[in-house]
> 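The structure's right below; bear with me while I get my questions together.
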Protein chains: 2
Amino acid sequence: MEVCITSLLRDKGFKVTPQRLAIYNMLSSTRSHPNAEMIFNELQAMYPTMSLATVYKTMEILKEIGLVQVLNAGEDSFRYDAVMTNHPHVRCTECGKVEDVYDVNIDAFVNEVSQGTKYQIMGQQFYFHGICPNCQRKNSN
Amino acid sequence: MEVCITSLLRDKGFKVTPQRLAIYNMLSSTRSHPNAEMIFNELQAMYPTMSLATVYKTMEILKEIGLVQVLNAGEDSFRYDAVMTNHPHVRCTECGKVEDVYDVNIDAFVNEVSQGTKYQIMGQQFYFHGICPNCQRKNSN
DNA sequence: GTTTCTGCAAAAGGTTTGCATATAC
DNA sequence: GTATATGCAAACCTTTTGCAGAAAC
């Protein structure tokens, strides 16, 4: 996996830096879909000199070389996901967390919509919102 | 239609003002999914004293009383749609316009995902991106 | 007459940019 | 040694907020 990002960066003329590796490693080992500030905070302990600007600049590059996708689930900030397969996301409107939706076959739906428009479709993003199991339990107490 | 917004506003304790009517009228008679600034600019001619803040405050109320939905198709600003039925949106990555996707039945897909998560699903938003017919034509010249 | 709204200006929050120093190669 | 990256601070852009005067009811 690190081989992957290292060679991808080099191939496109970008340099391989500890900051870039740390950011990508953190992102690819979480399922929390963090935004820039969450990534920055998470890395503070190990990389105390890292700046928010570096996180943003790195996300720009990772997006460009196809290692991350950018999410907006209706919030003020963008979130990032290192899982590049097509999958819907669901956001809990109470606690705010964003989770992956697995075990759903979106291909048929994507095909249907692709054929329903005259657009040359390059990608898509599906967002659900609702109340997560945890918050449902809290509500019923 | 105006009857609808008028009584909906009054019922919830909001006052009926020319600005609110103008904003809702403009939004419900376009398919361009404008953001706040586009709405503001569009209304400048007829309502020269209207402020951007009023547009934002009005959208907040219209969202609350269920007359508009808020979109984010991966851009920096939010767009607004007075069509409240469930339908996907598609954004052209070249010219930036956002259009509705019609004639697609999303119910089966929504049901499948709803059942695939443990969330209590309240709503969803589907965004496609690609190249619109116009821009495809321009590109091939 | 009371309550809510508008419009302005200022503030806030997320993201981008410019630049000097530091690091990768 | 050269080219690119980092980190800081300032700038930027969208959206929100506070408040005095205005409009709705």
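Quick caveat, the model's predicted, so the values are computed rather than measured. Below, chain A is the first sequence line, B the second, and so on; all start at residue 1.
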> Which word best sums up how the rings of B/Phe126 and A/Phe126 line up, parallel for under 30°, tilted for 30 to 60°, or perpendicular for over 60°?
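Because their plane-to-plane angle is over 60°, the rings of B/Phe126 and A/Phe126 count as perpendicular.
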> Does any part of the side chain of A/Phe78, heavy atoms only, come nearer than 4.5 Å to the side chain of A/Met59, both counted from C-beta?
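No - every pair of side-chain heavy atoms lies 4.5 Å or more apart.
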> Specify the residue among B/Ser51 and B/Gly13 whose closest nucleotide of DNA chain C lies further upstream toward the 5′ end.
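Of the two residues, B/Gly13 wins.
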> How many whole angstroms separate atom CD of A/Glu37 from atom P of C/dT16?
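Distance, rounded to whole Å: 14 Å.
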> Which residues within residues 68-81 of chain A lie with some heavy atom under 4.0 Å of an atom in DNA chain C?
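Contacting residues: A/Asp76, A/Ser77, A/Phe78.
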> Supply the atom-to-atom distance B/Glu94 CD to B/Lys138 NZ, rounded to the nearest 0.5 angstrom.
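Here the interatomic distance stands at 8.5 Å.
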> Rounding to an integer number of Å, can you tell me how far B/Leu52 CG sits from C/dA10 P?
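Atom-to-atom, B/Leu52 to C/dA10, this comes out as 16 Å.
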> Rounded to the nearest 0.5 Å, what separates atom OG1 in B/Thr6 from atom NZ in B/Lys15?
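The distance works out to 15.0 Å.
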> Rounding to a whole Å, what distance do you find between B/Ile23:CD1 and C/dG7:C1'?
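Going from CD1 in B/Ile23 over to C1' in C/dG7 covers 12 Å.
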> If I take atom CD1 from residue A/Ile65 and atom NZ from residue A/Lys12, how far apart are they, to the nearest 0.5 angstrom?
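It comes to 7.5 Å.
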> Can you give me every donor-acceptor pair (side chain of residues 34-44 of chain A, partner residue at least two apart or in another chain, under 3.5 Å) with its distance?
| residue | atom | partner | partner atom | Å |
| --- | --- | --- | --- | --- |
| A/Asn35 | OD1 | A/Glu37 | N | 3.2 |
| A/Asn35 | OD1 | A/Met38 | N | 2.9 |
| A/Asn35 | ND2 | A/Ser77 | OG | 3.1 |
| A/Asn41 | ND2 | A/Glu37 | O | 3.3 |

> Rounding to a whole Å, what distance do you find between A/Met38:CE and C/dG14:C1'?
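Distance check: A/Met38 CE to C/dG14 C1' gives 13 Å.
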> Examine C/dT15: is either OP1 or OP2 under 4.0 Å from a nitrogen or oxygen in the side chain of A/Tyr56? Give yes or no.
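Checking A/Tyr56 against C/dT15: at least one side-chain N or O falls below 4.0 Å of OP1 or OP2.
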> Tell me whether B/Met122 at atom CE has more than 12 heavy atoms from other residues, nucleotides or ligands lying less than 6.0 Å away.
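Not more than 12 within 6.0 Å, no.
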> Please round to the nearest 0.5 Å and tell me the distance separating atom CG of A/Leu67 and atom SG of A/Cys4.
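The SG atom of A/Cys4 is 5.5 Å from CG of A/Leu67, to the nearest 0.5 Å.
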> Nearest 0.5 Å, what's the SG-NE2 distance between A/Cys92 and A/His129?
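The distance works out to 11.5 Å.
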> Counting N and O atoms only, with roles assigned by atom type, does the side chain of B/Arg20 sit under 3.5 Å from a partner on the main chain of B/Ile5, one being a donor and the other an acceptor?
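Answer holds: no.
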> Assign the ring pair A/His33 / A/His89 to parallel, tilted or perpendicular, where the plane angle (0 to 90°) is split at 30° and 60°.
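Correct class here is perpendicular.
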> Indicate, with a heavy-atom threshold strictly under 4.0 Å, whether B/Gln19 touches base, sugar-phosphate, or nothing.
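Sugar-phosphate only.
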> Could you check how far CD of A/Glu60 sits from P of C/dT16, rounded to whole Å?
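So the CD-P distance, A/Glu60 to C/dT16, works out to 7 Å.
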> Angle between the two end axes of the helix from C/dG1-D/dC25 to C/dC25-D/dG1, five base pairs per end, rounded to 10 degrees?
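That helix has its two terminal axes inclined by roughly 40°.
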> Can you list every pair that meets salt bridge (charged side-chain N to carboxylate O under 4.0 Å, His left out) and has a residue in residues 61-84 of chain A, with sequence neighbours left out?
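Only A/Glu60-A/Lys63, A/Glu75-A/Arg79 qualify under salt bridge (charged side-chain N to carboxylate O under 4.0 Å, His left out).
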> Under 4.0 Å from a heavy atom of chain A: give me the 5'-most and 3'-most nucleotides of DNA chain D that qualify.
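From 5' to 3', the first and last contacting nucleotides are D/dA3 to D/dC8.
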> With rounding to the nearest 0.5 angstrom, report the CD1 to CG distance, B/Ile106 to B/Asn111.
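If we round to the nearest 0.5 Å, B/Ile106:CD1 and B/Asn111:CG are 9.5 Å apart.
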> Could you run through nucleotides 19-25 of chain C and give me one letter per nucleotide, 5' to 3': B if any protein heavy atom sits under 4.0 Å from the base, S if only the sugar-phosphate is that close, - if neither?
-----BS
